[in-house]
Amino acid sequence: MSVVVAIKDNDRVWVGCDSQVTRGGWTKESLEGCYKIWKPSDDCNIVMGGVGVLRDINILSTATDWVDELAKHKGVDDKYIIRTVVPKIYKELEDYGRLKIRDGIKSMESAFIFAYKEKAYEIAGDGAVIEKDDMLIEGSGYIAGMGAWDRIKNEDIPAKEKVIQVIKASCNVDLYVNYPIVIMNTKDDEVEIIDK
């Protein structure tokens with residue numbers, strides 16, 4: 001598993017993740033450029049992140065055309081995420097045989113965060129969408145991360161630093177979450193790597 005955190009910050013969203021990959025009985029730091037968060041190559045205003053199955057992340061991190069031109073001008077909202085982004089995620093994964101079907105209902109083994117400009121959405125394995133006003137967190141580091149968030153959410157520190165502190169809390173106590181931390185935002189193309 002993993003942890004992915006998104007915190008809104010006025011005109012942008014800061015998104016961060018840990019770098020541990022777990023498979024069977026081993027763990028490994030993910031390879032350079034193979035992060036759990038990414039920017040699609042065609043739109044620097046998007047940061048996506050995923051937890052769950054690395055293959056799902058591999059597939060989605062190479063997909064493009066998440067937000068069409070009309071939506072870029074009109075604005076992306078929860079309806080757009082529900083009606084356009086989630087079906088695209090499902091289609092991409094279905095094309096590679098990555099969806100599960102139970103009682104006729106399709107679902108994913110992974111969960112995702114989709115941040116666009118100043119908005120962020122959590123997309124659960126069943127396709128449910130949640131937008132919050134401040135912070136989203138997905139993954140096995142959820143409990144430690146939420147505890148850290150409750151402690152710092154009202155502190156006067158930058159949103160980027162809050163993302164780092166939430167992920168550090170998860171790294172410190174969760175077996176499936178570990179350094180380095182990767183940070184991106186929806187405003188520029190910078191990628192920051194933070195070691196212990």
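In this chain, numbering begins with 1 at the start of the sequence shown.
Minimum heavy-atom separation, D18 to I167: N-CG2, 4.3 Å. Annotation for A6 and V15: closest pair CB-CG2, 4.1 Å, computed over non-hydrogen atoms. Here the shortest heavy-atom pairing between L99 and K106 reads CD1-CD, 4.0 Å. Closest approach of V13 and E118 over heavy atoms only: CG2-C, 3.6 Å. Nearest heavy atom pair, residue I183 against residue G16, reads CD1-CA, 3.9 Å. A169 approaches A144 most closely through the heavy-atom pair O-CB, 3.7 Å.
From D133, atom CG reaches atom NZ of K8 across 5.5 Å, with rounding to the nearest 0.5 Å. Atom-to-atom distance recorded for Y96:OH and N58:CG is 10.5 Å, nearest 0.5 angstrom.
Note on E92 versus K88: salt bridge recorded, some NZ/NE/NH1/NH2 to OD/OE distance being below 4.0 Å.
Taking a 6.0 Å sphere around CD1 of I143, one finds it holds 12 or fewer heavy atoms contributed by other residues, nucleotides or ligands. At most 12 heavy atoms of other shown residues, nucleotides or ligands fall within 6.0 angstrom of atom CD in E190.
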Between S107 and K100, is a side-chain hydrogen bond (donor to acceptor under 3.5 Å, both in side chains) present by the stated rule, with each step listed? CA-CA 5 Å; S107 65; K100 303 290 181 189; over 6 Å; no
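Under the side chain to side chain contact (heavy atoms under 4.5 Å, CB included) criterion, K72 pairs with D43, V67, E69, Y116, sequence neighbours left out.
Within the cation-pi definition used here (under 6.0 Å to the ring centroid, within 45° of the axis), K162 does not qualify as a partner of W14.
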